[in-house]
Amino acid sequence: MTDQTPTLSTSLVDLPKREWLQAVAQITEEDGYFQQLGKNHFATFIEEGTTLLVTFETLQGMHALSELAQPFGWEMLRDHGWSHLCVASDGDTWFRDKAVYGYFDRLIDDGFFDEFDTVIFYGAGPCGYAAAAYSIAAPTAKVVVIQPQATLDPRITEWDHRFADMRIHDFTSRYGFAPDMLDAAEQAFVLYDPRENLDAMHAALFTRPNVTKLRMRFMGDALQTDLMEMSQLVPLLLAAADGSLNETTFAALYRARRDYRHYLRNLLTALDEGDRDTLIIALCKNVTSRMRARMFSAKLTQLQARQAEQQD
């Protein structure tokens with residue numbers, strides 16, 4: 001890193017943790033702030049426009065998902081003039097920390113969220129849980145969460161074995177059961193793949209009149225990454241902000257999967273496991289007519305040869 005003052009366009013890739021935090025603090029100090037929240041969490045805020053995006057992220061996720069190793073919300077700030085509040089954790093903590101509770105209590109007391117025309121809470125996985133849980137701090141907010149957990153309280157979700165080590169943490173006190181915390185939201189959207197059983201079971205717990213479930217069938221267990229790679233996460237949030245997001249508009253956005261090889265491979269595998277040869281042939285013909293895809297071309301040749309043998 002040079003001695004120049006970092007900006008929103010500065011790459012923070014490969015910086016050691018301490019220097020990364022210092023750079024983020026420098027970038028936010030002019031139009032916002034950086035605040036440490038206990039040992040494992042911090043918050044950054046940059047004020048720009050009247051739409052506020054509240055993201056819950058992890059340090060590790062920022063480095064893995066951002067080309068600049070920056071909070072995801074800075075992209076919306078740079079490109080769309082949104083204000084951004086990032087609440088971040090070092091590792092997956094589900095943000096179950098009294099320091100985080102206290103921080104949101106102070107934001108409520110200060111009337112922080114009242115200063116914005118539109119407020120959107122966003123997160124994925126453990127961060128999706130937190131986005132839903134803490135959205136109650138901003139009544140009438142819009143909430144977009146990807147593969148969220150409803151709770152890790154074993155009395156409710158003992159069937160979820162993925163995060164057994166988190167069961168010692170309290171999910172019953174303040175900001176605890178995420179679905180209940182959505183009651184004050186104007187509208188919430190829960191994205192998940194119904195073929196991922198545990199994600200679907202958590203999604204079922206979010207059934208509420210103001211919750212719309214957006215299904216990403218055959219996509220798998222890394223939907224945030226998939227949406228980013230399809231260049232559909234930003235349009236999704238823009239649609240949530242302007243009130244146009246619904247099942248129909250999401251279906252239009254989700255058509256991008258037709259050119260997304262990860263989805264196409266998953267679909268082929270599922271059809272193959274179900275011995276759906278007719279559908280596989282149709283899929284392979286469609287894919288190979290639009291792109292170079294050796295796997296699909298080879299599968300098509302194999303099935304056509306098998307059909308020819310059966311006809312002889």
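For reference, positions follow the sequence shown, starting with 1. Values reported hereafter were calculated over all heavy atoms of this structure, with side chains retained and with hydrogens, waters and symmetry mates removed.
- Here the side chains of Q147 and Q224 are not in contact, with every heavy-atom distance at 4.5 Å or above.
- Linking Ile, Leu, Val, Met, Phe, Trp and Tyr whenever their side-chain heavy atoms come within less than 4.5 Å leaves V144 and L182 in two separate clusters.
- When the side chains of ILVMFWY residues are joined at heavy-atom separations under 4.5 Å, either directly or via intervening members, V119 and W82 end up in two distinct hydrophobic clusters.
- For M181 against A132, the heavy-atom pair with the smallest separation is CB-O, 3.5 Å.
- A side-chain donor-acceptor contact under 3.5 Å links Q36 to the backbone of G38.
- Residues V190 and M201 are members of separate hydrophobic clusters, defined by side-chain heavy-atom contacts under 4.5 angstrom among Ile, Leu, Val, Met, Phe, Trp and Tyr.
- Remark: side-chain polar atoms of T288 are paired, donor with acceptor, to backbone N or O of C284 under 3.5 angstrom.
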- Walk me through it: do I280 and L268 pass the test side-chain contact (heavy atoms from CB on, under 4.5 Å)? CA-CA 7 Å; I280 293 173; L268 176 61; 3.7 Å; yes
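- Under the 4.5 Å side-chain heavy-atom criterion for ILVMFWY residues, no single connected hydrophobic cluster contains both V54 and V234.
- The side-chain hydrogen bond (donor to acceptor under 3.5 Å, both in side chains) test with Y192 is passed by exactly one of R217, K213, R215: R215.
- Looking at every heavy atom in both residues, L15 comes nearest to A23 through CD1-CB, 4.2 Å.
- With ring centers used as reference points, F34 lies under 6.0 Å from F42.
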- Message: Between T157 and D160, does the side-chain hydrogen bond (donor to acceptor under 3.5 Å, both in side chains) criterion hold? Intermediate values first, please.
- Response: CA-CA 6 Å; T157 58; D160 192 342; 5.9 Å; no
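- A donor-acceptor pair under 3.5 Å is absent between the side-chain atoms of D277 and the main chain of L303, judged by distance alone.
- Here the side chain of Q232 pairs a donor or acceptor atom with the backbone of M230 at under 3.5 angstrom.
- The salt bridge (charged side-chain N to carboxylate O under 4.0 Å, His left out) contacts involving residues 177-202 comprise R162-D199, D180-R208, D183-R208, where partners must be two or more places apart or lie in separate chains.
- Ion pair D90/K39 not flagged as a salt bridge, since none of the NZ, NE, NH1 or NH2 atoms sits closer than 4.0 Å to an Asp/Glu carboxylate oxygen.
- Not a single ring-ring contact (aromatic ring centres under 6.0 Å, His included) links Y103 to another residue, sequence neighbours left out.
- In terms of the salt bridge (charged side-chain N to carboxylate O under 4.0 Å, His left out) criterion, residue partners of K299 (sequence neighbours excluded) are, by chain and number, D272.
- Judged by distance alone, with hydrogens and angles left aside, the side-chain atoms of Q70 form a donor-acceptor pair with the main-chain N or O of L8 at under 3.5 Å.
- Qualifying salt bridge (charged side-chain N to carboxylate O under 4.0 Å, His left out) partners for D92, counting only residues two or more places apart in sequence or in other chains: none.
- Residues forming a salt bridge (charged side-chain N to carboxylate O under 4.0 Å, His left out) with R155 (at least two apart in sequence, or on another chain): D153.
- Using a 4.5 Å cut-off on side-chain heavy atoms (C-beta onward), V13 and L68 make no contact.
- One N or O on the side chain of K142 and one on the backbone of A240 form a donor-acceptor pair closer than 3.5 Å.
- Using the six-membered ring where Trp is involved, F45 and F116 have ring planes that are perpendicular, over 60° apart on the 30 and 60° scheme.
- A 6.0 Å sphere centred on CG of D14 holds no more than 12 heavy atoms belonging to other residues, nucleotides or ligands.
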- Task: Could you please spell out the steps behind the side-chain hydrogen bond (donor to acceptor under 3.5 Å, both in side chains) verdict for N246 and T249?
- Result: CA-CA 5 Å; N246 54 38; T249 55; 3.2 Å; yes
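- Looking only at distances, a side-chain donor or acceptor of S83 sits under 3.5 Å from a matching main-chain atom of E48.
- A side-chain donor-acceptor contact under 3.5 Å links T207 to the backbone of A204.
- Interatomic distance, CG of L53 versus NE2 of H84, reported as 5.0 Å (0.5 Å rounding).
- Sequence neighbours left out, the pairs with a member in residues 193-234 that pass ring pair (Phe, Tyr, Trp, His ring centres under 6.0 Å) are W159-H202.
- Judged by distance alone, the side chain of S297 and the main-chain N or O of A293 form no donor-acceptor pair under 3.5 Å.
- Residues that satisfy the side chain to side chain donor-acceptor pair (under 3.5 Å) test with S244, not counting sequence neighbours, are D242.
- By the 6.0 Å contact criterion, CD on Q304 is enclosed, its count of non-hydrogen atoms from other residues, nucleotides or ligands being greater than 12.
- Judged as a ring-ring contact (aromatic ring centres under 6.0 Å, His included), and not counting sequence neighbours, the contacts of Y122 are F72.
- Linking Ile, Leu, Val, Met, Phe, Trp and Tyr whenever their side-chain heavy atoms come within less than 4.5 Å puts F121 and V87 in one cluster.
- H80 meets the ring-ring contact (aromatic ring centres under 6.0 Å, His included) test with no other residue; sequence neighbours excluded.
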- Apply side-chain contact (heavy atoms from CB on, under 4.5 Å) to the pair H169 and L152, showing each step before the final yes or no. CA-CA 8 Å; H169 294 272; L152 297 186; over 6 Å; no
- Message: Run the side-chain hydrogen bond (donor to acceptor under 3.5 Å, both in side chains) test on D226 and Y260 for me, step by step, so that the C-alpha distance in whole Å, both residues' side-chain angles and the decisive distance to 0.1 Å come before the verdict.
- Response: CA-CA 9 Å; D226 294 326; Y260 186 48; 2.7 Å; yes
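- In this structure, the salt bridge (charged side-chain N to carboxylate O under 4.0 Å, His left out) partners of D259, at least two apart in sequence or on a different chain, are R290.
- Residues F113 and L52 are in side-chain contact: their nearest non-hydrogen atoms beyond the backbone lie under 4.5 Å apart.
- Judged as a ring-ring contact (aromatic ring centres under 6.0 Å, His included), and not counting sequence neighbours, the contacts of F250 are Y254.
- The structure places CE of M228 at 5.0 Å from CG of L65, a figure rounded to the nearest 0.5 Å.
- Taking every heavy atom of both residues into account, P71 and C86 meet most closely at CB-SG, 4.1 Å.
- In this structure, W94 and F171 have perpendicular ring planes: the angle between them is above 60°, well past the 30° mark.
- Side-chain atoms of S66 never come within 3.5 Å of backbone atoms of H63 as a donor-acceptor pair (strictly under, hydrogens ignored).
- Pairs passing the salt bridge (charged side-chain N to carboxylate O under 4.0 Å, His left out) check and including a residue from residues 96-119, sequence neighbours excluded, read D105-R174.
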- Item | Chi angles and distances behind the side-chain contact (heavy atoms from CB on, under 4.5 Å) call for L191, L236 | CA-CA 11 Å; L191 287 77; L236 180 76; 3.9 Å; yes
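- Annotation: the span from L245 atom CG to L253 atom CG amounts to 7.5 Å, rounded to 0.5 Å.
- Around the CZ atom of R167, the shell of radius 6.0 Å holds more than 12 heavy atoms that belong to other residues, nucleotides or ligands.
- Relative ring orientation between F95 and F56 is described as perpendicular, the plane-to-plane angle rising above 60° on a 0-90° scale split at 30° and 60°.
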- Task: May I have the step-by-step check of side-chain contact (heavy atoms from CB on, under 4.5 Å) for T151 and T172, ending in yes or no?
- Result: CA-CA 9 Å; T151 178; T172 63; over 6 Å; no
